[in-house]
Each structure stands twice: as C-alpha cells, then as structure tokens.
Amino acid sequence: MSGPIILYDLPSRTGTCWSLNPWKSPPHQPLHNTIVRTNARAARAALNFKVLPYNTQWTEYPDLEPKFKSFSIPPNPAGSLAAYSSPAVRMPDGTYIMDSRAIADALEKLQPEPSLHLDSQYVEKVQELVLELWDALRPIAMPRIPTTVLPPASAEYFERTRAVRFGMTLTELGQSDQAGSQAWENAQQGIVAMKAVLEEHKGPFVLGKEASYADLIWGGFWHMMSRVSRDGDLTKCFSEQGGDVFDRHFDACKQWYEKDK
C-alpha cells in the first residue's frame with residue numbers, strides 16, 4: 001500500500017495548527033508533576049523541514065480515540081492523560097504512528113536529508129527546558145486555550161478533562177496562586193537556560209548554522225505561546241530577559257511553521 005502522508009492534527013477555531021500537545025502523568029498527581037509529553041507542533045514542522053508532501057486531516061479532541069482505535073494504533077502508556085493523542089500520521093506504506101518523536105524517527109528513516117540530527121544531545125536538553133517552562137507557565141496559558149483557540153467540541157472536552165485532572169476548573173487555575181507573578185518566577189531559571197542554549201553556538205539555530213529537531217521543539221513551544229498570548233504577554237518576558245535572541249531564533253525557523261493547514 002502506498003499513498004500520501006496524512007497528518008492527524010488538532011484544529012484551532014481558525015482551521016490552523018496550534019498545539020503543544022499532549023500531556024502525560026499518572027492520575028491525580030499535583031499540577032507541577034504533570035508533564036507535557038512531546039511537541040505536536042514539531043511533527044508538522046518536521047514534515048515541512050524535510051519538504052515532504054502531506055495532507056492534514058483535522059481531528060477534534062473527542063474524535064481522537066475512536067478514529068485512532070479504528071486504525072489499530074496502540075494506545076498511550078497506562079497513566080497518560082488520554083489513551084489516544086495528537087499528533088499521528090499515516091505513512092506512505094499505510095502504517096500509523098502516534099507521538100511526535102516516533103514520527104520524527106520515521107521521517108528521518110524515510111528521508112534522511114536534510115537531517116533532523118535526532119541524536120544531538122540538544123534535542124533532549126531543549127525538550128527538558130520546554131517541559132520546565134510549560135510546567136511553570138501552564139497556569140497562565142492553559143486557561144486561554146479553550147476560550148481563544150479551540151473549536152466548541154474540543155473546548156468542552158478540554159475544559160472537562162483538565163478540570164478532572166487538576167481538581168479545579170481552568171478558570172480557577174488561572175486565578176490560583178500558581179498563575180501571575182509566581183508563574184514567571186518559576187519560569188525565570190528556564191528562560192535563562194534556554195537563552196544560553198540559543199547563544200552557545202552563535203545561532204541562528206541551536207547547533208549554529210544548521211537546523212535540527214531541537215529547533216523545531218523550541219519553535220513549536222514559541223509558536224504556541226504566541227498563539228495564546230494577549231498583547232504578547234507570554235513572549236514579552238522572554239524578550240525582557242533574553243533581548244532579541246528568542247525572536248531571532250523564531251525568525252530563522254518560521255519558514256517551517258508557515259504551512260499550518
């Protein structure tokens with residue numbers, strides 16, 4: 001069997017990609033222990049980076065499980081936030097893969113050049129910093145997702161499942177002592193560390209002059225934070241501490257985020 005690559009992605013209310021999704025942790029753990037599993041935005045960026053033709057099939061949150069079950073995709077590990085999560089792809093040979101990193105591995109095998117440099121130590125390092133920063137800033141960013149980004153069916157699902165997960169509504173989360181100045185205090189160390197990563201090899205990319213999967217991970221985080229910002233509030237503090245290093249990095253990477261449908 002052969003055919004085009006199909007990317008199964010979560011839609012925004014404007015019909016474009018937005019997601020830094022999904023999340024994973026054992027049930028009923030405290031909010032700070034809930035981990036973002038991998039960068040869904042990076043799967044689309046990896047396809048664009050390799051200039052591989054693909055089609056998008058938008059799939060809303062409530063439809064992920066029945067659709068992916070019908071494809072016989074194995075579920076996420078026990079304890080994950082959901083049994084099935086975006087992104088997933090159908091490869092040209094008809095096989096299905098769920099999880100951004102697994103997708104990146106398959107794309108690298110399918111088309112080795114240009115390389116994503118998946119074996120670089122900076123891939124894991126940047127992923128860890130994204131986890132740290134999302135953990136800090138989630139109390140501000142997450143409550144905005146259903147009200148500013150998601151279509152109605154996904155918004156209802158998102159609010160309901162996260163309220164169960166965190167033991168509070170997203171509105172309550174956004175008004176909690178974990179939001180506001182405390183969130184930015186918690187993020188400060190990660191911002192400084194990520195700035196150092198971007199400056200270490202003199203840019204414009206993490207490894208210097210050659211882009212890698214580490215850039216797509218960070219670019220996906222930056223893109224999502226930009227989407228849920230209000231007058232740039234979720235990126236402004238990065239610029240205040242890092243000057244223009246974060247904007248310069250995304251300017252170099254934005255070519256891989258322009259195709260978002």
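This one's a predicted model, so the numbers in the text were calculated from it and none came from an experiment.
- Applying the 6.0 Å contact sphere to NZ of Lys259 captures more than 12 heavy atoms from other residues, nucleotides or ligands.
- Qualifying ring-ring contact (aromatic ring centres under 6.0 Å, His included) partners for Tyr257, counting only residues two or more places apart in sequence or in other chains: His223, Phe250.
- Ser229 places a side-chain N or O within 3.5 Å of a backbone atom of Leu234 that can act as its donor or acceptor partner.
- In this structure, Ile103 is not a member of the same hydrophobic cluster as Phe68, with clusters built from ILVMFWY side-chain heavy atoms closer than 4.5 Å.
- When every heavy atom of Leu107 is checked against every heavy atom of Ala43, the shortest pair comes out as CD1-O, 4.5 Å.
- In this structure a side-chain-to-backbone donor-acceptor pair under 3.5 Å is missing from Arg44 to Trp256.
- Contact of the Met142 side chain with the Leu170 side chain is registered, since non-hydrogen atoms from C-beta on lie closer than 4.5 Å.
- In terms of heavy-atom proximity, Thr147 sits nearest to Pro143 at OG1-O, 3.7 Å.
- Hydrophobic clustering (ILVMFWY, side-chain heavy atoms < 4.5 Å, transitive): Leu110 and Leu47 are in one cluster.
- Put simply, the side chain of Thr56 never gets that close to the backbone of Trp58: no donor and acceptor are under 3.5 Å apart.
- Under the side-chain contact (heavy atoms from CB on, under 4.5 Å) criterion, Ala83 pairs with Glu65, Pro75, sequence neighbours left out.
- Using cut-offs of 30° and 60° on the angle between ring planes, the pair Trp222 and Phe246 is parallel.
- Under the 4.5 Å side-chain heavy-atom criterion for grouping Ile, Leu, Val, Met, Phe, Trp and Tyr, Val89 is connected to Leu52 within one hydrophobic cluster.
- When only modelled atom types and interatomic distance are considered, Asn48 and Tyr54 share a side-chain donor-acceptor pair under 3.5 Å.
- Ring centers of His201 and Tyr122: under 6.0 Å apart, within the cut-off.
- In this structure, Ala82 and Asn76 approach most closely via the heavy-atom pair O-ND2, 3.1 Å.
- Taking CZ from Phe158 and CD1 from Ile145, the interatomic distance works out to 4.0 Å, rounded to the nearest 0.5 Å.
- A single hydrophobic cluster is seen to contain both Ile217 and Met98, as judged by linkage of ILVMFWY side chains at heavy-atom distances under 4.5 Å, directly or through other members.
- Relative orientation of the Tyr96 and Phe71 rings is parallel, given thresholds of 30° and 60° on the angle between their planes.
- Side-chain polar atoms of Thr148 and Arg230 form no donor-acceptor pair below 3.5 angstrom.
- The closest donor-acceptor contact from the side chain of Ser154 to the backbone of Tyr61 lies under 3.5 Å.
- Summarising the geometry, atom CZ belonging to Arg160 is positioned 14.5 Å from atom OG1 belonging to Thr169; distances are rounded to the nearest 0.5 Å.
- Using a 4.5 Å heavy-atom threshold, the side chains of Trp218 and Leu133 count as touching.
- Residue pairs satisfying the salt bridge (Lys or Arg N to Asp or Glu O under 4.0 Å) criterion with at least one member in residues 104-118, sequence neighbours excluded, are listed as follows: Lys50-Glu108, Arg101-Asp105.
- Taking hydrophobic clusters as Ile, Leu, Val, Met, Phe, Trp and Tyr residues chained together by side-chain heavy-atom distances below 4.5 Å, Met194 shares a cluster with Val123.
- Phe166 and Leu173 get closest at one heavy-atom pair: CD1-CD2, 4.5 Å.
- A donor-acceptor pair is defined here as one N or O able to donate and one able to accept, closer than 3.5 Å; no such pair exists between the side chain of Gln189 and the backbone of Asn186.
- Within a 6.0 Å radius of CD in Glu199, other residues, nucleotides and ligands contribute more than 12 heavy atoms.
- No donor-acceptor distance shorter than 3.5 angstrom exists from the side chain of Thr95 to the backbone of Met91, with no hydrogens or angles considered.
- Side chains of Phe49 and Pro114 form a contact here, defined as non-hydrogen atoms less than 4.5 Å apart.
- For Gln57, the CD atom is densely surrounded, since the number of other residues' heavy atoms within 6.0 Å is greater than 12.
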Starting from the C-alpha separation in whole Å, work towards a yes-or-no answer on side chain to side chain contact (heavy atoms under 4.5 Å, CB included) for Tyr157 and Leu150.
CA-CA 10 Å; Tyr157 176 96; Leu150 293 175; over 6 Å; no
